[in-house]
Protein chains: 2
Amino acid sequence: MESPKKLQDIKVAVDAVIFGYFDKKDLQILLIKRNIEPFKGGWALPGGLVLDDESVDDAVKRELYEEAGIKPDFLEQLYTFGSLGRDPRNRVVSVAYLGLVNPSYHELFADSDAEEAQWFSINRLPSVAFDHKTIIETALKRLRTKIQYQPIGFNLLNEEFPFSDLENLYKTIVGQEIDRRNFRKKIMSYGLLNETNNVKKEGSGRPGKLFTFNKEKYKELEEQGFYFEIK
Amino acid sequence: MESPKKLQDIKVAVDAVIFGYFDKKDLQILLIKRNIEPFKGGWALPGGLVLDDESVDDAVKRELYEEAGIKPDFLEQLYTFGSLGRDPRNRVVSVAYLGLVNPSYHELFADSDAEEAQWFSINRLPSVAFDHKTIIETALKRLRTKIQYQPIGFNLLNEEFPFSDLENLYKTIVGQEIDRRNFRKKIMSYGLLNETNNVKKEGSGRPGKLFTFNKEKYKELEEQGFYFEIK
DNA sequence: TCAAAAGTGTTTCGTTTACACCCATGA
DNA sequence: TCATGGGTGTAAACGAAACACTTTTGA
């Protein structure tokens, strides 16, 4: 933090990789159709320049709300991309965030004049502007490891969910088969799920009990040095 | 990454938390005595504004070399601090880095006209400028957790080190007693240490064999999905 | 021969893994 | 009664934790 020899000319932006999960589908990422150059008409991560009078954290939240109508349940800083030539116009340093939402609680702004927000399966992403592909890869990697040692996955599920949703979520994100019995035993051993009196209605087969995640209890345990972990 | 409505006026800086370790002493942090306002004469993390034609990663390296004559063995991005009011002069967003060096391989620029760099025990830090205290705390937390699942600690030791140095390092950083036998068994089981023919000369007691860390083997194992872990 | 640090094995305990059948529901 | 997904227990294998004495050196 020294005074500049000559005036610095770098812009500060934010970009967000927002994951959504629809049961029985892939993991999805939120993209915005650009309505200005460069990459006009192409897809890009939601984001934009930070305003002078807002924190960087606030900037992402604002952009997400403006561009897609979304207020993520979970949002954390991912990594700052600061190499040269990221943006063909200016030098732009971009602070990337990783967010999680349950898409059924968030109606997207679709087909408005200005912007179009849309979910894309991570297995069928269109090509994206700037270095956003790298950012997405970084986010995916982080999500895959983080979900194994912090109970962040619940942010992708409904408030009340059948156990199988959780199972499918982990299978999808981590990308490998899990032993249903061992997985359930492990999760249940933490005592972080509350059983509701409701059951899953749709689908065939025996209806599953619905659970909620006990966020308060988790915070409490966490303060006592508890570590959530799924192998 | 949208075009600005009015011109953005935010500076981008880097700050580095560089840890050094002297055997039998505390963990140390590198601070620089400021020779300009604000906080002139006070201590601060090494760092400064990013130049227009260098990447953010390069900016930290340059600043560290200019301000302290140091080229860290390990350096990674820590977190970006982007709240308002961090710097009394301008709006500054700062990308913080965490670095590790072996101080005996790095002579500091001390008492030069321009700058003075000095090691401080993390247990006896002076008060530091800006929000650097927060940055240091973030770095310490990261170091404490990361050293337990990545073999980064070797960057703090001599090229050849007795096993006891490693033991003390972990005791110091993690801040709790370790079982010498179990610790040695665990480390040795990874087969990442090469035994040299040399022994530790100084000190009393039975001389310990010196080891080197096999970086190549670690990289190889890592690619095969191996995870280093110390509980 | 004493003080100081290095070097070393075994048992116990808890956790992880592997594995398959019955249950509840709607069609 | 059949198809579909929900719900459950146990034994074997493995890794973590607890624990103390002998060795080598220099003073």
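None of the values given here were measured: they were computed from a predicted structure. Protein chains get the first letters and strands the later ones, always in sequence-line order, with residue 1 at the start of each.
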Partner of A/Y190 under ring pair (Phe, Tyr, Trp, His ring centres under 6.0 Å), picked from A/F226, A/Y227, A/Y218, is A/F226
When rounded to whole Å, the CZ to C1' distance for the pair B/R180 and C/dA6 reads 6 Å
Calculate the interatomic distance between B/N182 atom CG and C/dT10 atom P; express it in whole Å.
14 Å
CD of A/E177 versus C1' of C/dT17: gap in Å, rounded?
16 Å
From CZ of A/F161 across to P of D/dG5 the rounded distance in Å is 20 Å
Steps toward side chain to side chain donor-acceptor pair (under 3.5 Å) verdict (B/S55, B/D58)
CA-CA 5 Å; B/S55 70; B/D58 286 343; 3.3 Å; yes
Rounded to the nearest angstrom, tell me the gap between atom CZ in A/R206 and atom P in C/dA24.
5 Å
Can you check the A/E167 CD to D/dG7 C1' distance for me, whole Å?
11 Å
Enumerate the salt bridge (charged side-chain N to carboxylate O under 4.0 Å, His left out) contacts for residues 139-163 of chain B, please, sequence neighbours excluded, ordered by first and then second residue.
B/E76-B/R142, B/E76-B/K146
Only one of B/F39, B/W43, B/F81 passes ring pair (Phe, Tyr, Trp, His ring centres under 6.0 Å) with B/F130, and that residue is B/F39
Would you say A/R184 reaches D/dG7's phosphate, i.e. side-chain N/O to OP1/OP2 under 4.0 Å?
yes
Write down the distance between CZ (A/F163) and P (C/dA24), rounded to a whole number of angstrom.
19 Å
Any A/S204 side-chain N or O less than 4.0 Å from OP1/OP2 of D/dA3:
no
Which sits closer to the 5' end of DNA chain C, B/G205 or A/K185, going by the nucleotide each is nearest to?
B/G205
